[in-house]
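First comes the structure, then the notes that go with it.
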Amino acid sequence: MRSGPPLDRVRNKLSPVLHPWLRRFIALSPYVVLATSDRHGNCDASPRGGAPGFVRVVDERTLFIPEESGNRLHQTLRNLRESRGIGLLFLLPGMPETARVNGTAEPVASTDPRWTGLALGDTEPDTEPDSGTGPDTVTGAGTGTGTGPGPGEFRWGTVVHVVEAYYHCGRSSRFAGLWDTTAIARNQADPPLPKRPAQGPPQRPR
């Protein structure tokens, strides 16, 4: 399929650093999706959320994403151990534009000497991603050390080294009516889906 080369104005918005507009957007964003893959190309897109600014802009080439205890599947952590490529999509409620960041990433434990210059908030670490005892050691799951950190407690995070960053125009958001307040109010008053289904045993593909 041929679509032709990108327009100059599109090509010109690609930046090897986080310019001021992007840094401000990320500082205001409460929601980001992390895309990673393993060495075989099996992909995962994982959402992260928090108070605006929970993703820290360390400098124009570096981001830090503190990781709270989540579903403990640890797809992102496992993927980053095998393949360092990462793509980020930041959203800001009510803004049609999005911010996109592509680069490489590495998991960093709270025992790493760099931690105090990266993390938001204090924590009492007892494990690290590179301990070699499996992904579950990051949160203490299955180790007999308790249920792992609670909200606001960070034992590891993701350092992102920026290779390419740019804003994405708001056409897709407008086409989707993503921030249409009428649609939002309707879905809140009359949810189009019931509550998420109860977890059952894994279903084998047929």
Side-chain angles (χ1 to χ4, degrees), residues 14-39 42-92 98-141 148-149 151-167:
L14 303 180
S15 171
V17 299
L18 299 168
H19 54 67
W21 190 92
L22 288 169
R23 294 200 299 269
R24 182 61 176 159
F25 192 104
I26 292 169
L28 292 171
S29 174
Y31 192 88
V32 61
V33 179
L34 284 65
T36 58
S37 70
D38 65 17
R39 67 168 65 95
N42 299 308
C43 298
D44 176 71
S46 182
R48 299 287 191 276
F54 81 100
V55 175
R56 180 173 180 182
V57 180
V58 179
D59 56 46
E60 66 179 7
R61 295 181 182 271
T62 314
L63 296 172
F64 177 68
I65 307 170
E67 299 283 357
E68 293 189 16
S69 178
N71 59 19
R72 299 182 184 171
L73 294 176
H74 301 305
Q75 292 103 325
T76 299
L77 175 59
R78 284 198 295 266
N79 286 345
L80 290 178
R81 283 172 163 170
E82 297 184 7
S83 177
R84 294 296 175 91
I86 193 168
L88 307 176
L89 176 68
F90 291 90
L91 299 178
L92 183 55
T98 58
R100 297 176 61 172
V101 177
N102 298 319
T104 60
E106 58 180 312
V108 174
S110 54
T111 50
D112 190 290
R114 295 172 290 175
W115 184 262
T116 54
L118 295 171
L120 303 177
D122 296 324
T123 184
E124 293 296 330
D126 61 8
T127 54
E128 59 181 296
D130 293 327
S131 62
T133 55
D136 282 347
T137 61
V138 175
T139 60
E153 296 182 69
F154 308 125
R155 291 185 178 170
W156 73 285
T158 302
V159 175
V160 178
H161 305 286
V162 177
V163 173
E164 179 181 73
Y166 56 104
Y167 72 88

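Note: hydrogens, waters and symmetry copies are ignored here, and every other heavy atom, side chains too, is used.
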Quick check for you: to the nearest 0.5 Å, what is the distance between [X] atom [atom1] and [Y] atom [atom2]?
X	Y	atom1	atom2	value
L88	L63	CG	CG	6.5 Å
T98	R100	OG1	CZ	6.5 Å
T111	W156	OG1	CH2	13.0 Å
L34	I86	CG	CD1	4.5 Å
E106	R84	CD	CZ	5.5 Å
T158	L80	OG1	CG	5.5 Å

| message | Going by side chain to side chain contact (heavy atoms under 4.5 Å, CB included), V160 matches just one of I65, T104, N102. Which one? | response | I65
| request: Using distance alone, with no hydrogens and no angle criterion, decide if T62 and D59 have a side-chain donor and acceptor under 3.5 Å apart. | output: yes
| Evaluation steps, side-chain contact (heavy atoms from CB on, under 4.5 Å), between R48 and T76 | CA-CA 11 Å; R48 299 287 191 276; T76 299; 3.3 Å; yes
Taking all non-hydrogen atoms of both residues into account, name the closest pair between [X] and [Y] and its distance.
X	Y	result
P66	F54	CD-O, 3.1 Å
P52	L28	CB-O, 3.4 Å
L91	P30	O-CD, 3.6 Å
A165	L18	CB-CD2, 3.7 Å
S83	R39	CB-N, 4.5 Å
S15	V17	OG-O, 2.7 Å

| Which is it for L92 and F25 under the side-chain contact (heavy atoms from CB on, under 4.5 Å) test, yes or no, and what are the steps along the way? | CA-CA 7 Å; L92 183 55; F25 192 104; 3.6 Å; yes
Hey, are the side chains of [X] and [Y] touching, using non-hydrogen atoms and a 4.5 Å cut-off?
X	Y	value
V32	L89	no
V101	F90	yes
R23	E60	yes

| task | Quick one: do V108 and R114 satisfy side-chain contact (heavy atoms from CB on, under 4.5 Å)? Show the steps, please. | result | CA-CA 8 Å; V108 174; R114 295 172 290 175; 3.6 Å; yes
| query | Is the ring centre of Y166 less than 6.0 Å from the ring centre of W21? | reply | no
